[in-house]
Amino acid sequence: MFSDHLAGLNPEQLRAVTLGAGSALVLAGAGSGKTRVLTTRIAWLIANQRAMAANIMAVTFTNKAAREMHTRLSAMLPLNPRGMWIGTFHGLANRFLRAHWRDAGLPQTFTILDMQDQLAAIKRLMKALQVSDEKFPPRQVQAFINNHKEQGLRAEALKPYDAFNAKLTELYAAYDAQCRREGVVDFAELLLRSYEMLNSNEALREHYRARFSHILVDEFQDTNKLQYAWLCLFAGPHASVFAVGDDDQSIYAFRGAEVGNMRRLMADFQVGEPIKLEQNYRSCGNILDAANALIQHNDGRLGKNLWTDAGAGEPIRLYRGWNDADEAQFIVDEVRALRRDGGALAEMAVLYRSNAQSRVLEHALFQAGLPYRVYGGLRFFERQEIKHALAYLRLVASPDDDNALLRVINVPARGIGARTVENLQTASRERGVSLWQAACGQGGGRSAASLGKFVLLIEQLRADAERLSFAQLVSHLIAASGLRAMYEADKDGEDRLENLDELISAAVSFAPEDPAQIIAEFLAHASLEAGEHQAGAGEDALQLMTVHAAKGLEFASVFVSGLEEGLFPHENSLNDAHGVEEERRLMYVAITRARQRLYLTQAQQRMLHGQTRYPLPSRFMEEIPASLTKNLSETMTAGLSSRGNHGTRPAPAAPRHQASTNAVLPGGWRIGQSVTHPKFGSGVILNAEALGEELRLYVNFAEHGAKWLDMRFAKLTPA
DNA sequence: CAATCAAACATTTTT
DNA sequence: TGTTTGATTG
C-alpha cells in the first residue's frame with residue numbers, strides 16, 4: 001500500500017507531500033528530511049493519479065542528488081525511467097537541446113565545454129584577436145561571460161560604461177560567435193539557449209507547458225536569475241511549482257545564486273505561507289541549539305528554528321591551540337580516541353574554510369598514520385589523460401572541433417610544433433574554415449609529412465568508428481593515437497593507464513538513450529558529470545573537506561577548524577554585511593553536519609602566505625552560548641600541552657582574564673592590550689604580524705590614530 | 001621540446 | 001609558505 005510511505009512522515013512533511021494543486025515553498029531545515037519529502041511527493045502525485053510520470057519535472061543541482069532521487073523513487077514505484085524528467089538544470093537543458101537541436105540552431109552532435117575547455121577556447125580566441133592577456137586575464141573574461149549569461153544577458157544586451165568594459169563585451173560577442181561556428185556550448189549556454197529557444201517558440205512552449213504540470217525543485221535557495229527564469233518559462237501560468245530550500249543554507253551567492261528567488265517565488269506563484277520543516281532527525285539538541293543561536297544573528301531570514309526529540313546529547317567541544325600544528329595535533333588525538341571507542345573514521349570529518357588549511361592537517365594525520373581522504377581536486381573526467389582520449393573521440397565525432405584538435409594535435413608528440421599550429425590557425429582564419437579543414441588542405445608545407453600523418457590517423461579512426469562498437473572504438477583509439485604507448489613509456493604513467501582502462505570500462509557499460517548518438521551522449525555525460533571526486537573510496541578514512549563541499553553530508557563527529565577572524569569569517573568577506581552573513585550561513589552549514597559530536601577548534605598563531613598571524617577568535621564562537629560548550633584548551637589549565645607542545649610556547653605575562661580570550665604574542669604582548677608609547681601616548685593593540693625576528697604591532701592610539709610599530713625599535717610599555 | 005627557474009599568487013566552486 | 005604558471009635556456 002502506498003499509505004505505508006506516508007505513515008512515517010511528521011505532520012508538516014505529510015502536509016507538504018499531500019498538498020493539492022498550486023505552487024508551494026517548503027522551508028526545509030538541515031536534516032529535516034527534505035529529499036524524502038520531495039520523492040514521496042512525486043510518488044504520491046503518481047499513486048493518486050494527480051499526475052502521470054511524464055507530467056513531472058524534478059530539478060536538482062547535482063547529479064548525486066538527481067541519482068538519489070531516482071533511486072529512492074524507483075524503490076517506491078514501478079518507474080518508467082525515461083518518462084519523468086529528473087535531473088540537474090544542466091542535464092535537463094542538455095536533454096531539451098538534444099531533442100530540439102535544429103530549432104536551437106545547433107549541430108546534432110554539439111559538444112559541451114566544461115570550465116577547462118571554455119578557458120582554453122577563450123585563450124585561443126584572444127590570441128587570434130591579439131588581445132593582451134595582461135590587461136584582460138582570460139579567467140576574468142571567462143567570469144565576465146559566465147556571469148552575464150547567468151543573468152540572461154547576451155553581449156548585444158550590454159551597455160558598456162567604459163573602454164575596458166566595452167572590450168570585455170566585444171570578447172563576449174566574439175566568443176559566442178566562435179562557439180556557434182564550432183558547434184559547442186558551455187554550461188551557462190545550455191540554460192540560456194534553451195531559455196531563449198523556448199521563449200521565442202510558442203508552439204514548443206505550449207507543448208512543454210501542457211506536459212509538465214508539476215515542477216519540483218531541490219535546493220531552491222541556490223538558483224540564479226537564469227535558472228529562475230528558465231523554471232518560470234517551463235511552468236507557465238498553470239503548473240504547480242514545488243520548491244524546497246533553506247535560506248539559511250544559501251552559501252553560493254558568490255556564484256550568482258539569489259536567495260531572493262524564494263520570496264520571488266512566493267509573490268510570482270501566489271504561494272501563501274511556506275511550509276516549515278523544522279524537526280531535525282540528524283543532530284543532538286546542543287548542536288541544533290548552537291546552530292539556531294548562531295543563525296539568529298542574520299537579518300532578513302524567512303525564519304525557522306530546528307528542534308529534535310533526540311535529547312541534548314554531548315556538549316560542543318572547544319579547543320584553542322597555540323598554533324595551527326597544535327590544533328591539528330589535537331584533532332589527531334581526538335580522532336584516535338574516538339576510533340578507540342569504536343568510531344569509524346569515515347564517520348568523522350574535519351571541515352575548513354579554505355583548501356590551504358588542509359596541508360597542516362594532512363601533515364599531522366600522515367605523521368600519525370591515520371588514513372584520510374581529502375575531497376576536492378581533479379575529478380575523473382577532468383584528468384588530462386582522460387581529456388586527451390576524449391579529444392580524440394570528439395575528433396571522430398566532429399573533426400571540426402578546433403578545441404579538441406588543438407588539444408591532441410601533438411599529443412603524443414608527433415613533430416607538429418607551435419609553428420605549424422600557428423600556420424594552420426592563420427590558414428583557417430584566412431579561408432574561414434576549421435583547423436581540421438585547413439590541415440586537410442595543407443599540401444606542401446615543411447611539416448606536411450607529420451601533419452599528413454595526423455590527418456590520416458584521424459581519418460582512419462573515423463573509418464574505424466564505422467565498423468567498431470563504441471567500447472571497441474574507445475579502446476582502439478587510445479592505442480592507435482599513441483596515448484597508451486606514451487603513458488607506458490612514462491615511468492609515472494601507471495595511474496594514467498589505469499584511468500584510461502577505467503574510461504574503457506565506462507564506455508562498455510554506457511547505456512545511451514539513442515544508440516545512434518552514443519558518442520555525443522557519452523561526451524555530454526563526461527562534461528556534465530565530471531565523475532566522483534577521485535577514487536580512494538572503500539578504505540575507512542577520515543574525511544577532509546571544505547565546508548562548501550560538506551553541504552548535504554552528515555557525520556557522527558565533525559571538527560570545524562580554523563575558527564578565527566580573517567579565516568572564518570574570511571577576511572575578504574568582512575567588508576560588507578552580506579559577506580559576513582554568508583559566512584555565518586556557512587558556519588551554520590558546518591555545525592549542522594554533525595550528528596553526535598561537534599568540535600570547534602582554532603589556533604592562536606597561524607602561518608598564512610608565509611606570514612605568521614595572530615588572529616582573534618572567530619566572532620561565530622561568541623555567538624554560540626557558553627552553556628552548550630565545554631572548553632578543552634590548555635589555556636584553561638595554564639599547563640603545557642599534554643599532547644606535546646608544538647612550536648615555541650608564547651611567553652606568559654598576561655593577566656588571566658585577558659589571556660583566556662586573546663592571543664599571546666612573542667614578548668608577552670596581547671591583542672587588545674592597552675599600551676603606552678612615549679610619543680603617541682596611550683593606545684590599544686589591534687593586530688600583529690611576525691616575520692622571523694621581526695614583530696610588528698598595529699596599535700590604535702587615542703590621540704594619533706592607528707599605526708604599525710616595529711617592536712625592535714618602538715618603545716612600548718604596558719599601560 | 002623538456003627541464004629548470006623565477007615570479008606571482010593564495011576563498012568558497014553543485015554544472 | 002607552498003604551489004602553480006610562464007619564460008628562459010640548454
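All heavy atoms count here, side chains included; hydrogens, waters and symmetry mates do not. Quick note on labels: first sequence line is chain A, next is B, and so on, each numbered from 1. If you're wondering where the values come from, they're calculated on a predicted model, not measured in any experiment.
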Engineer: OP1 or OP2 of B:dT15 versus the side-chain N and O atoms of A:N63: is any pair under 4.0 Å?
Structural biologist: yes

Engineer: Is the shortest side-chain N/O distance from A:T546 to OP1 or OP2 of B:dT13 below 4.0 Å?
Structural biologist: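 True: A:T546 side-chain N/O within range (under 4.0 Å) of B:dT13 OP1/OP2.
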
Engineer: With A:L365 as reference, evaluate A:V350, A:V360, A:L542 under the side-chain contact (heavy atoms from CB on, under 4.5 Å) test and give the passing residue.
Structural biologist: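 Exactly one pass, corresponding to A:L542.
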
Engineer: Quick one: is B:dT13 close enough that its OP1 or OP2 comes under 4.0 Å of any side-chain N or O from A:N146?
Structural biologist: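 No, A:N146 has no side-chain N/O under 4.0 Å of OP1/OP2 on B:dT13.
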
Engineer: Please pick, from B:dT14, C:dT1, B:dT11, the nucleotide with the shortest atom-to-atom distance to any side-chain atom of A:Y252.
Structural biologist: B:dT14

Engineer: Looking only at the side chain of A:D222 (C-beta and beyond, no hydrogens), which of the listed nucleotides B:dT11, B:dT14, B:dT13 gets closest?
Structural biologist: B:dT14

Engineer: At less than 4.0 Å, is any side-chain N or O atom of A:N355 found next to OP1 or OP2 of B:dT12? Yes or no.
Structural biologist: yes

Engineer: Closest-nucleotide mapping onto DNA chain B: is A:H609 or A:T62 further toward the 5' terminus? I mean the 5' end.
Structural biologist: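 Of the two residues, A:H609 wins.
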
Engineer: Are the charged groups of A:E564 and A:R613 less than 4.0 angstrom apart, N to O?
Structural biologist: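 A:R613 and A:E564: not salt-bridged.
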
Engineer: Can you tell me how far P in B:dT13 sits from the matching atom in C:dT4, rounded to whole Å?
Structural biologist: 15 Å

Engineer: Determine: side-chain N/O of A:N410 to OP1/OP2 of B:dC1, distance under 4.0 Å, yes or no.
Structural biologist: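 Yes, because at least one side-chain N or O of A:N410 sits under 4.0 Å from OP1 or OP2 of B:dC1.
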
Engineer: Taking only N and O in the side chain of A:R255, is any of them less than 4.0 Å away from OP1 or OP2 of B:dT11?
Structural biologist: no

Engineer: Take A:R414 and A:L528, find for each the nucleotide of DNA chain B with the closest heavy atom, and name the residue whose nucleotide sits nearer the 5' end.
Structural biologist: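 Closest to the 5' end, via its nearest nucleotide, is A:R414.
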
Engineer: Can you figure out which of B:dT13, B:dT15, C:dT1 approaches the side chain of A:M607 most closely?
Structural biologist: C:dT1

Engineer: A:F89 stacking on B:dT15: centroids under 5.5 Å, ring planes under 30°?
Structural biologist: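 The ring of A:F89 is not stacked on B:dT15.
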
